[in-house]
Structure formats: C-alpha cells, structure tokens
Amino acid sequence: MTIGEALRQAGKRLQEAGIETGQAEAIALWGLIDSSAFVDRSANVDSEKLAKFQYFVDRRARREPFSHISGRRMFYKSSFRVTPDVLDPRPDTETLVELALSKPFNRVLDLGTGSGCILISLLIERPEATGVGTDISHKAVLVAGENAARLGMADRLVLPLSDWYDDIGGRFDLIVSNPPYIAAGEMEALQPEVRDYEPRAALTDEADGLTAYRRISSRALQHLKPGGRLLVEIGPTQGAAVSSLFREGGLENVEVHHDLDRRERVVSGVAPSV
Ligand SMILES: C[S@@+](CC[C@H](N)C(=O)[O-])C[C@H]1O[C@@H](n2cnc3c(N)ncnc32)[C@H](O)[C@@H]1O
C-alpha cells in the first residue's frame with residue numbers, strides 16, 4: 001500500500017466515525033510517525049509505520065482526542081504535555097491569558113491549574129512574576145509540574161493540592177481560574193472527545209455549572225491585594241450570573257469580556273483599594 005492510499009483510507013474512516021475534518025486529521029496523524037518535510041505519497045509504506053499509523057487512526061476513530069494521541073497541545077505560545085488526567089487546553093482560554101496580561105502583576109494564583117497552561121503562559125510573559133497553581137487532582141498537579149519543568153518555569157511556581165482556596169495562604173495581585181462550568185444536564189450533549197475522554201471533574205460541578213464561581217468569588221477578597229484582579233473563564237450564557245456572584249463577593253468594576261467569536265468568555269472584577 002502507498003502512503004497516499006493509506007492516508008485516503010484513514011481519512012475516509014475518520015469521516016465515517018463522525019470527524020468532519022477526517023482527511024486533515026489523517027495527515028496530522030501521519031505527521032506523528034513521520035516528520036519528514038516531504039512525503040512522497042506514491043512510495044510504499046513500511047509495515048512498521050503502517051501498523052503504528054493504523055493504531056493511531058483506530059484510536060482517533062473511537063473519538064479519542066488528537067491531543068491524547070500526540071500527547072501535546074499548543075496553547076498561547078508554548079507546547080504543553082497533555083494526558084487524560086488534564087483538560088485539553090482550549091484556544092478559547094487564551095482570551096483569559098490576554099486579559100490577564102493587559103495589566104501588571106507580580107504574584108498570581110491559578111485555581112484549577114490542570115496542565116498548568118494558564119499559569120505557565122503568564123509566567124513566561126512576566127519574567128519577574130511568581131505563581132501558585134492549585135488543583136484538587138493530584139494527577140493534574142503532576143502534569144502541571146512536568147510542563148513547568150520542561151518550559152523552564154519550575155523555580156517560579158508552586159503547585160499545592162487544594163480544594164479551591166482551602167490550603168492557600170497569602171494575597172495575590174491577580175487570581176485567574178478556568179473552573180469546571182458545564183451543568184450536569186449539559187454533559188450528555190458534549191462531543192464524544194470531551195464527554196468520554198476528558199476528566200469529568202475538569203468539566204462539570206455535577207450541578208448548575210456555577211458552584212466553582214460561588215466558591216471562588218465569595219472568598220476572593222481574602223486572597224487579593226487591594227486593587228488586585230480576579231479573572232474567570234465562563235460559559236457563553238453565564239456572564240450575568242457570574243457578574244452577580246462577583247458583586248456579592250465585594251468585587252468592583254465587574255465586567256464581562258467577549259472572545260473573538262463575540263461570545264461571553266471572561267468575567268473580571270477588582271478588589272477595592274483601601
Ligand atoms: C476546566 S479545567 C481547567 C484546567 C486548566 N486551567 C485549563 O484552563 O486548561 C478545571 C480544573 O479545575 C480542577 N478542579 C475541579 N474542582 C476543583 C476544586 N474543588 N478545587 C481545585 N481545583 C478543582 C480540575 O481538576 C481541573 O483541572
């Protein structure tokens with residue numbers, strides 16, 4: 001079988017499995033086993049490469065996310081290791097990173113750090129800053145630690161296990177979070193890649209989708225310096241509800257920010273200056 005035939009068959013198979021971009025994904029999966037700059041599609045595939053390619057195609061046809069097969073995901077300006085123990089970083093979350101970088105900060109807290117993609121991206125952009133990244137998942141913290149080490153940030157952050165703020169001391173200029181915000185009733189409708197392969201505790205609070213925002217906003221003033229900022233990612237229908245929670249928590253200048261698709265994506269608020 002030639003490389004061209006293998007790619008065509010794989011693309012068709014992925015499309016039949018419900019992946020519209022099957023042809024493109026087949027080419028990307030091939031790239032995981034052969035990174036040559038030029039691929040001669042008329043050449044015969046060697047049997048070892050073909051077996052590996054078909055193994056990857058089988059996994060993707062079962063709707064396993066591409067990032068779980070490659071083990072990597074580009075986020076903001078860096079490549080992060082991704083495993084089934086962490087949320088696959090989303091381009092949508094770069095809106096939160098851009099907003100966080102729009103003002104100065106030295107100490108940053110990332111609640112629910114997952115792969116560490118938000119915190120590490122912020123620290124890379126702010127060479128003077130230090131950070132704390134928390135997660136309730138021990139396995140997630142290990143992945144974040146691996147990413148921090150690989151991207152040269154290990155000596156500028158700590159990664160304690162904590163249920164939101166429970167084990168966190170001190171005050172911060174900036175608190176960021178992309179918490180689980182999908183309501184329990186919305187889980188079934190998610191794409192199989194998300195519903196069946198991503199950690200459930202990273203996606204949903206098993207309730208109305210607002211539990212984490214209640215916890216994070218109600219204690220924000222105990223952990224922010226005067227004038228410090230809280231920024232959280234939200235689902236596209238949650239702007240009004242999360243803004244109310246921010247105001248109840250004592251935050252000022254509460255604003256809803258939109259992403260490039262004009263969907264509500266981030267809520268920000270500021271701790272009163274004394
Ligand atoms: C939506 S994921 C975000 C991961 C990463 N920050 C990102 O943006 O890709 C939410 C994260 O919150 C963590 N989490 C869930 N409940 C938590 C809790 N009670 N305390 C701390 N972290 C929690 C999950 O383990 C998960 O890593």
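The figures that follow rest on heavy atoms only: side chains count, while hydrogens, waters and symmetry mates do not. First listed ligand is number 1; within each ligand, the first listed atom is number 1.
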If we number the atoms of ligand 1 from 1 as shown, the ones under 4.0 Å from a heavy atom of Asp163 are 18 (C), 19 (N), 20 (N)
protein heavy-atom neighbour closest to atom 1 (C) of ligand 1 works out as Ala202 O, 2.9 Å
Below 3.5 angstrom, do we get any N/O pair linking Thr93 and ligand 1? no
### Message
Measuring from non-hydrogen atoms of Thr113 to any atom of ligand 1, is the shortest distance under 4.0 Å?
### Response
yes
closest protein heavy atom to atom 8 (O) of ligand 1 is Asn178 ND2, 2.9 Å
Looking only at protein heavy atoms, what sits closest to atom 9 (O) of ligand 1 is Cys117 SG, 3.4 Å
for atom 11 (C) of ligand 1, nearest protein heavy atom and its distance come out as Gly112 O, 3.5 Å
Rounded to the nearest 0.5 Å, the OG atom of Ser78 sits from the CG atom of Asn147 at a distance of 9.0 Å
- Which word best sums up how the rings of His223 and Tyr165 line up, parallel for under 30°, tilted for 30 to 60°, or perpendicular for over 60°? parallel
The closest protein heavy-atom partner of atom 27 (O) of ligand 1 is Asp135 OD2, 2.6 Å
For Trp164 and ligand 1, does the shortest N/O to N/O distance drop below 3.5 Å?
yes
Honestly, for Ser162 the part within reach of ligand 1 (heavy atoms, under 4.0 Å) is backbone
Check your understanding: Hey, any chance Leu159 and Val132 share a hydrophobic cluster, counting ILVMFWY side chains that come within less than 4.5 Å of each other, even indirectly?
Key -> no
For atom 22 (N) of ligand 1, the closest protein heavy atom turns out to be Ile136 N, 3.3 Å
(message) So that I can tick it off, tell me whether Lys12 and Glu16 are bridged by a salt bridge, with the cut-off set at under 4.0 angstrom between side-chain N and carboxylate O.
(response) yes
Exercise. Determine, stepwise, if the pair Val97 / Phe75 fulfils side-chain contact (heavy atoms from CB on, under 4.5 Å).
Key: CA-CA 10 Å; Val97 172; Phe75 176 81; 3.8 Å; yes
Only residue of Leu203, Leu87, Asp88 satisfying side-chain contact (heavy atoms from CB on, under 4.5 Å) with Val194 is Leu203
Check: Under a single-linkage definition using a 4.5 Å side-chain heavy-atom cutoff for Ile, Leu, Val, Met, Phe, Trp and Tyr, are Val242 and Val270 assigned to the same hydrophobic cluster?
Finding: no
If we number the atoms of ligand 1 from 1 as shown, the ones under 4.0 Å from a heavy atom of Ile118 are 6 (N), 8 (O)
### Message
Tell me whether the count of non-hydrogen atoms from other residues, nucleotides or ligands lying under 6.0 Å of CZ in Arg263 goes above 12.
### Response
yes
For Ala201, the atoms of ligand 1 under 4.0 Å from one of its heavy atoms are 15 (C), 24 (C)
In terms of hydrophobic clusters joined by side-chain contacts under 4.5 Å, are Ile33 and Ile3 together? yes
